[in-house]
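To keep things clear, I will list the structure first and then write my remarks on it.
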Amino acid sequence: MEQEQKIINLAKTGDSAAFSVLVNTYSALVFTFAYRILRNREDAEEAAQDTFVKAWKYLAGYKGDSKFSTWLCSIARNTSLTKLENKKHSFPFEEFNKIELVEVEDNADEKSVFLKKAILQLNSEEAQLITLFYHSEQSILEIAKIMNIEPGNVKVKLHRARLKLKEITALLINKKSVL
Amino acid sequence: MITDEYLLDYMDGLLTDRQRVELEEIMFNDIQLKCRYEALLFLNRELGNLGLEKPGPDFEKNVMKKVNRKVSFKTHLLTYLQIVGPFLFFVFIFTFIEIKEDSLFSLVQIFSAKALSFLRFGVNGLFILGSFLIAIYFQTREWVKVW
């Protein structure tokens, strides 16, 4: 944590090499978060890149009163939602739904494949909550800050998302065993 | 009736000590409830172990390219200001300081007062237009994604 703060301070002075360490550390998290919103690898990669460029631009505004990952996820969320909004406008609805049918890598183990597929069946908000809670290790309060909702609401929605995931995973496993 | 939500609260450590002990006692005697809890615990563990999606191999390189472009834009801007700064200063002086006929400058003898003021406006206009075009050039070349 202290080490990270030093790197952030260096990056704030304009040291792009220090910033590249932060990019390396958080690229997978930011990309996963964007992917769970946009459901398309290409768009998610673009949104994740834009997130880091914005982070670099506004790094001076990061005061350290929240975790760096919390701050970064807020930028990623806004960037991805704007991109999603633009996409909804530029694609007819049917086309947009087709894009959401994404593939999960074949080399992942079966349990991960089922879970990743199940997460993609959740709505965008639920998928974001799961990503923030499990991958980014954000507290309920931090998630509430990123998602702009009440902490109580985060808890309820997170419960709902996990129960939904349990059902979807069971369905996917049953479907596979029938086949 | 113990709900799944209550079990999730227990799993997340959100129950009070008393609620926790009570639930553990109930679970000890209720196999079905214990199974429900185990299923949720399994899901929780799997979600925790789920790897992150990885971006393309050039991701970091592409981000840093964009970031360095921004640095380079700042450098360009500084260089630009260093070059045009003194010029801007003289244009400013030339525009706002009155040149008297008996001064060292003989410009007034060459140009009439009207022609001189037209020239001042022309130089300033060209300077502003030039700066604007250069700024647009930088913006489209370097900062189109950032702005």
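Quick note on labels: first sequence line is chain A, next is B, and so on, each numbered from 1.
- Hydrophobic clustering of Ile, Leu, Val, Met, Phe, Trp and Tyr side chains at less than 4.5 Å, counting indirect connections, keeps B:L8 apart from A:I149.
- Between A:F19 and B:M64, some side-chain heavy-atom pair lies under the 4.5 Å cut-off.
- With a 4.5 Å cut-off on side-chain heavy atoms, A:Y134 and B:L50 do not count as touching.
- Here NZ of A:K57 is found 13.0 Å from NZ of B:K66. Values are rounded to the nearest 0.5 Å.
- Hydrophobic cluster membership differs between A:W71 and A:L141, with clusters built from Ile, Leu, Val, Met, Phe, Trp and Tyr side chains linked at under 4.5 angstrom.
- At least one donor-acceptor pair closer than 3.5 Å links the side chain of A:T32 to the backbone N or O of B:E53.
- A:K155 and B:D12 are not joined by a salt bridge, as no carboxylate oxygen comes within less than 4.0 angstrom of a charged side-chain nitrogen.
- Taken from CG in A:L165 to CG in B:L40, the straight-line distance is 11.0 Å, to the nearest 0.5 Å.
- In this structure, A:L163 is not a member of the same hydrophobic cluster as A:I130, with clusters built from ILVMFWY side-chain heavy atoms closer than 4.5 Å.
- Taking both residues in full, the closest heavy atoms of B:P55 and A:A28 are given as CD-CA, 4.1 Å, listed atom of the first, atom of the second, then distance.
- Residue A:F33: no heavy atom, backbone or side chain, is found under 4.5 Å from chain B.
- The pair A:R160-B:E5 does not meet the salt-bridge criterion, since no charged nitrogen lies less than 4.0 angstrom from a carboxylate oxygen.
- The greatest number of non-hydrogen atom pairs below 4.5 Å with chain B, out of A:I119, A:I140, A:L115, is found for A:L115.
- Atom OG of A:S27 is separated from atom CD of B:E60 by 6.5 Å, given to the nearest 0.5 angstrom.
- Note on A:V156 and B:L7: separate hydrophobic clusters, where clusters join Ile, Leu, Val, Met, Phe, Trp and Tyr whose side-chain heavy atoms are under 4.5 Å apart, directly or indirectly.
- Rounding to the nearest 0.5 Å gives a distance of 12.0 Å between CG of B:N44 and NZ of A:K166.
- Proximity of B:K54 to A:F31: side-chain heavy atoms (C-beta onward) are nowhere separated by under 4.5 Å.
- Salt bridge annotation for A:R162-B:D4: absent, with no cationic side-chain nitrogen under 4.0 angstrom from a carboxylate oxygen.
- Note: B:N68 CG to A:W56 CH2 = 7.5 Å, rounded to the nearest 0.5 Å.
- Grouping the Ile, Leu, Val, Met, Phe, Trp and Tyr side chains by contacts below 4.5 angstrom, directly or via other members, places A:I168 apart from B:F42.
- Atom CD of A:E150 has 12 or fewer neighbouring heavy atoms from other residues, nucleotides or ligands inside a 6.0 Å radius.
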